[in-house]
Amino acid sequence: MPVKGLPPLEGAEKEVVMRFAPNPNGPPTLGSARGIIINSEYVKMYGGRLILRFDDTDPVNKRPMLEAYDWYQEDCRWLDAVPDAVVIASDRLPMYYKIAEELIRMGAAYVCRCDQATFKRYKDASLACPHRDRDPEESLDLWDGMKAGNLRPGDAVLRIKTDITHKDPALRDWAAFRIVTTDHPRIGDRYRVWPLLDFESGIEDHLLGITHIIRGKDLMDSERRQLYLYRHLGWEYPSVVHWGRIKIHQFGSFSTSALKEAIEAGEYRGWDDPRLPTVKALRRRGILADALRKFMIDLGVSETDISISMDTIYAENRKLVDPQARRRFFVKDPVPLEIEGEVPPVVQVPFHPTVDMGCRLIPAGNTVLVSGDDLAEMGVGNRLRLKDLCNLEILALDPARARARALGTDPAEAKNMKLPIIQWCPRDGVPVEVMRPDGVDRGVGEVGIREDEGRTDQFERYGFVRIDSVDDEVVAYFAHR
RNA sequence: GCUCCGGUAGUGUAGUCCGGCCAAUCAUUCCGGCCUUUCGAGCCGAAGACCCGGGUUCAAAUCCCGGCCGGAGCACCA
């Protein structure tokens with residue numbers, strides 16, 4: 001048991017089997033990552049098993065995306081949470097049917113033909129609807145009718161008997177199956193009766209031998225509803241931990257379906273657009289899985305609704321990435337600076353200030369590029385140092401032809417004079433485009449950046465970026481400062 | 001309307017079950033200083049919280065009651 005980390009799980013001595021059960025209607029987000037990480041962390045802690053289960057039983061409102069099944073597995077792998085088994089609910093309808101029929105026969109479930117509004121009236125009044133006491137045989141016939149196509153969507157549902165007078169209206173005779181004629185992306189139109197979450201998930205948790213469930217407290221009623229199911233079937237309910245809703249300052253609230261629309265409308269470049277809180281996007285930006293794991297474990301499993309800041313994730317990531325990130329010069333919005341006097345034609349610069357990672361050579365000479373932003377801070381007569389190159393005095397600042405005079409190369413002099421130090425770039429550097437959560441920066445970088453495809457570098461005085469591609473132009477994804 | 005949960009510094013979090021060791025932990029953030037050829041890292045220091053009101057008790061962040069605030073469920077969504 002780690003000294004720091006998650007609180008112990010109740011009753012974990014015997015066995016721990018946990019599941020992460022997403023609906024694959026989009027890619028994993030930061031919220032999914034929490035579920036994946038916490039479940040896998042507990043499983044690791046107790047030497048248990050982790051099951052990835054796709055609760056994909058709504059082809060209409062939360063229609064699954066075929067690609068998303070793979071995305072979840074990919075992101076689980078990346079997060080070091082490889083599941084021991086993968087289960088897909090839409091493969092297992094016959095099993096659910098069998099149990100449903102058993103429940104009907106024992107009088108624990110019935111086919112209800114009320115329309116939604118009518119049933120709600122009965123339910124709100126704590127009254128049984130006329131169908132509740134129908135003979136099991138009659139329910140069975142209707143159930144067959146639902147499956148065979150004699151009944152249309154909305155004509156009938158299968159309800160689990162609970163306590164119609166329960167003081168919490170949310171628990172009264174909930175629906176377990178309904179008719180859906182929309183095809184399912186994975187298995188087409190083979191079935192026209194689909195289970196609802198409380199049934200599917202409750203049944204699966206038992207069949208899979210789940211011992212511990214972690215889920216959002218919005219699903220608290222699920223447990224109370226499923227308890228009736230378990231009682232009917234004589235099963236023992238797993239132990240449950242709830243956590244509150246999680247919001248992210250920088251992203252506000254988002255829903256998978258809203259994001260999907262925005263992407264289709266072209267507002268984002270895709271599911272890994274750096275503006276999005278998806279796992280794919282964070283990975284592309286160079287956020288490490290370990291940073292996410294550490295962050296999520298630190299959040300714990302409190303029942304309070306929380307609002308987190310990306311800054312904390314960034315801080316975690318920076319600690320991991322800083323010691324291994326090559327330093328590179330990148331100049332945003334570059335302008336040429338002509339230097340009079342002696343300037344080294346090339347300089348050798350270490351990749352890292354404190355870690356020995358070797359050096360790179362950067363060609364220099366009498367014209368270099370500096371950032372327009374930096375120059376805007378300067379005045380004629382000001383002195384500054386080009387990092388690792390030379391000291392300068394500004395002679396002219398016309399945007400088109402900024403000029404300066406070289407004052408030697410000694411860093412000690414710059415230090416004594418407390419000169420500002422800025423990064424620079426050779427005139428024939430490589431064009432770089434930085435995709436940021438808040439827009440796109442364009443500029444030029446030292447040519448060596450082309451060797452860093454897939455790595456996370458630190459652009460000095462700019463921030464950490466992941467080098468995403470290196471064609472004629474380098475595309476980098478911004479992680480954080 | 002009915003039902004259920006929660007409320008510790010700006011943001012998270014420990015402590016709450018089993019009152020005292022809590023003049024409340026850690027991280028992040030912010031502010032100051034040091035260091036550094038990066039506005040990064042590192043080091044040092046500082047600031048900052050128990051929702052409110054009653055009650056029980058020698059003693060309450062911790063137990064009880066009431067209120068306030070926030071979230072959730074009452075779907076043929078997950």
Side-chain angles (χ1 to χ4, degrees), chain A residues 4 7 21-25 54-58 60-64 89 112 114-116 119-120 123-124 126 153-159 166-172 174-180 193-198 200-201 215-225 242 244-247 249 256-257 294-295 297-300 302-316 318-319 321-323 325 327-329 349-350 352-355 374 385-391 409-415 419-423 458-464 480-481:
Chain A
K4 282 231 163 203
N23 178 333
N25 63 337
F54 292 105
D55 287 349
D56 59 343
T57 54
D58 185 351
V60 181
N61 303 299
K62 299 219 165 155
R63 191 172 174 80
C112 170
C114 297
D115 61 53
Q116 265 185 87
F119 185 81
K120 182 172 166 53
K123 183 194 65 186
D124 287 347
S126 292
D155 284 350
V157 297
L158 184 76
R159 292 192 182 282
H166 196 285
K167 65 173 180 169
D168 185 346
L171 308 192
R172 299 172 192 156
W174 47 274
F177 286 83
R178 84 300 206 189
I179 300 168
V180 178
V193 174
W194 284 86
L196 278 320
L197 178 73
D198 284 321
E200 178 269 325
S201 139
R215 63 174 154 219
K217 65 175 180 180
D218 51 319
L219 260 29
M220 266 179 170
D221 288 340
S222 267
E223 176 177 354
R224 300 190 183 104
R225 279 193 279 253
H242 294 108
R245 294 305 254 184
I246 178 167
K247 285 197 168 42
H249 292 328
T256 305
S257 38
K294 173 118 184 356
F295 174 78
I297 290 166
D298 194 51
L299 278 193
S302 127
E303 230 164 273
T304 318
D305 295 327
I306 57 174
S307 181
I308 59 168
S309 168
M310 288 302 293
D311 289 345
T312 314
I313 294 177
Y314 295 157
E316 220 56 75
R318 195 179 292 119
K319 282 181 206 162
V321 126
D322 183 82
R327 269 50 181 176
R328 292 292 193 181
F329 284 163
V349 184
H352 197 281
T354 54
V355 180
D374 286 329
R385 175 171 176 80
L386 298 179
K387 186 167 187 275
D388 301 305
L389 183 61
C390 66
N391 306 326
T409 61
D410 187 1
E413 278 177 28
K415 192 176 171 182
L419 300 187
I421 298 168
I422 66 170
Q423 81 283 20
Q458 187 205 50
F459 286 174
E460 293 201 34
R461 295 207 318 138
Y462 180 83
F464 293 89
H480 46 72
R481 294 207 67 108

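Protein chains get the first letters and strands the later ones, always in sequence-line order, with residue 1 at the start of each. Note that the coordinates shown come from a computational prediction; the quantities given were computed from them, not determined experimentally.
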* Between A:Arg159 and B:C76, is there a side-chain N or O to OP1/OP2 distance below 4.0 Å? -> yes
* To do: Would you mind classifying the nucleic acid contact of A:Phe464 as base, sugar-phosphate or nothing, using non-hydrogen atoms under 4.0 angstrom?
  => sugar-phosphate
* Within this structure, what is the CG-to-P distance between A:Asp168 and B:G1, rounded to whole angstrom? -> 16 Å
* Asked: Which part of the nucleic acid does A:Cys114 contact within heavy-atom distance under 4.0 Å: base, sugar-phosphate only, or nothing?
  -> base
* Could you check whether A:Leu196 gets within reach of a base, just the sugar-phosphate, or nothing at all, counting any heavy atom under 4.0 Å? => sugar-phosphate
* Considering residues at least two apart in sequence or located in another chain, which fulfil the salt bridge (charged side-chain N to carboxylate O under 4.0 Å, His left out) criterion with A:Asp115? -> none
* Asked: A:Leu386 has an atom CG; how far is it from atom P of B:U38, in whole Å?
  -> 14 Å
* To do: Only counting residues at least two apart or in another chain, list the ones meeting ring-ring contact (aromatic ring centres under 6.0 Å, His included) with A:Phe295.
  => none
* Would you kindly give the CD-to-C1' distance between A:Gln116 and B:C77, to the nearest whole Å? => 11 Å
* **Which residue lies more 5' along RNA chain B, comparing A:Met220 with A:Lys387 via nearest heavy atoms** => A:Met220
* Asked: When all nucleic acid strands are considered with a 4.0 Å heavy-atom cut-off, which category describes A:Asp374: base, sugar-phosphate, or nothing?
  -> base
* Asked: Within the structure, does a side-chain N or O atom of A:Lys120 lie under 4.0 Å from either OP1 or OP2 of B:C74?
  -> no
* Which part of the nucleic acid does A:Lys62 contact within heavy-atom distance under 4.0 Å: base, sugar-phosphate only, or nothing? -> base
* Asked: OP1, OP2 of B:C4 versus side-chain N and O of A:Lys167: anything below 4.0 Å?
  -> yes
* With A:Asp410, which residues qualify under side-chain hydrogen bond (donor to acceptor under 3.5 Å, both in side chains), at least two apart? -> none
* Side chain of A:Lys319 only, please: which of B:U37, B:U28, B:A78 is the nearest? => B:U28
* Hey, is the side chain of A:Gln458 pairing donor to acceptor with the base of B:U38 inside 3.5 Å? -> yes
* Intra- and interstrand pairs of RNA chain B - dot-bracket, Watson-Crick/G-U under 3.5 Å, | marks other strand -> (((((((..(((.......[.....)))..((((.......)))).....(((((..]....))))))))))))....
* Touch check for A:Asp115, heavy atoms < 4.0 angstrom, all strands: base, sugar-phosphate only, or nothing? -> base
* To do: For A:Ala175, answer base if it contacts any base atom (sugar-phosphate contacts may also be present), sugar-phosphate if it contacts only those atoms, and nothing otherwise; contact means non-hydrogen atoms under 4.0 Å.
  => sugar-phosphate
* Does A:Arg159 have any side-chain hydrogen bond (donor to acceptor under 3.5 Å, both in side chains) partners at least two apart in sequence or in another chain, and if so, which? -> none
* Among all residues two or more places apart in sequence or in another chain, which pass the ring-ring contact (aromatic ring centres under 6.0 Å, His included) test with A:Trp194? -> A:His184
Measure all distances between protein nitrogen or oxygen atoms and nitrogen or oxygen atoms of nucleotides 43-51 of chain B, and list the pairs falling under 3.5 Å.
none

* Can you find a donor-acceptor pair, distance only, under 3.5 Å between A:Asp388 side chain and B:U37 base? -> yes
* Structure fact -> Residues passing the side-chain contact (heavy atoms from CB on, under 4.5 Å) test with A:Asp311, sequence neighbours excluded, are A:Gln250, A:Ser309, A:Tyr314
* To do: Look at the side chain of A:Arg385 and the backbone N and O of A:Thr409, then say whether any donor-acceptor pair between them is shorter than 3.5 Å.
  => yes
* **Residues forming a side-chain hydrogen bond (donor to acceptor under 3.5 Å, both in side chains) with A:Lys120, sequence neighbours excluded** => A:Asp124
* Within the pair A:Arg178 and B:C77, is there a side-chain N or O less than 4.0 Å away from OP1 or OP2? -> yes
* To do: Using a heavy-atom cut-off of under 4.0 Å over every strand shown, decide if A:Arg63 touches base, sugar-phosphate, or nothing.
  => nothing
* Asked: Under 4.0 angstrom, heavy atoms only, what part of the nucleic acid is A:Thr57 near: base, sugar-phosphate, or nothing?
  -> sugar-phosphate
* Under the salt bridge (charged side-chain N to carboxylate O under 4.0 Å, His left out) test, residues paired with A:Glu460 that sit two or more places apart -> A:Lys387
* Measure the distance from CZ on A:Arg224 to P on B:C2 and round it to the nearest whole Å. => 17 Å
* Donor-acceptor under 3.5 Å (A:Lys217 side chain, A:Glu303 main chain) -> yes
* To do: For A:Asn23, check side-chain hydrogen bond (donor to acceptor under 3.5 Å, both in side chains) against everything at least two apart and list the hits.
  => none
* In the 5'-to-3' direction, what one-character label does each nucleotide of nucleotides 6-14 of chain B receive under the scheme B = base within less than 4.0 Å of a protein heavy atom, S = sugar-phosphate only, - = no such atom? -> SS---SSS-
* Please check the phosphate of B:A41 (OP1 and OP2 only) for any side-chain N or O of A:Arg318 closer than 4.0 Å. => yes
* **Side chain of A:Asp218 (C-beta onward), nearest among B:U3, B:A72, B:U29** => B:A72
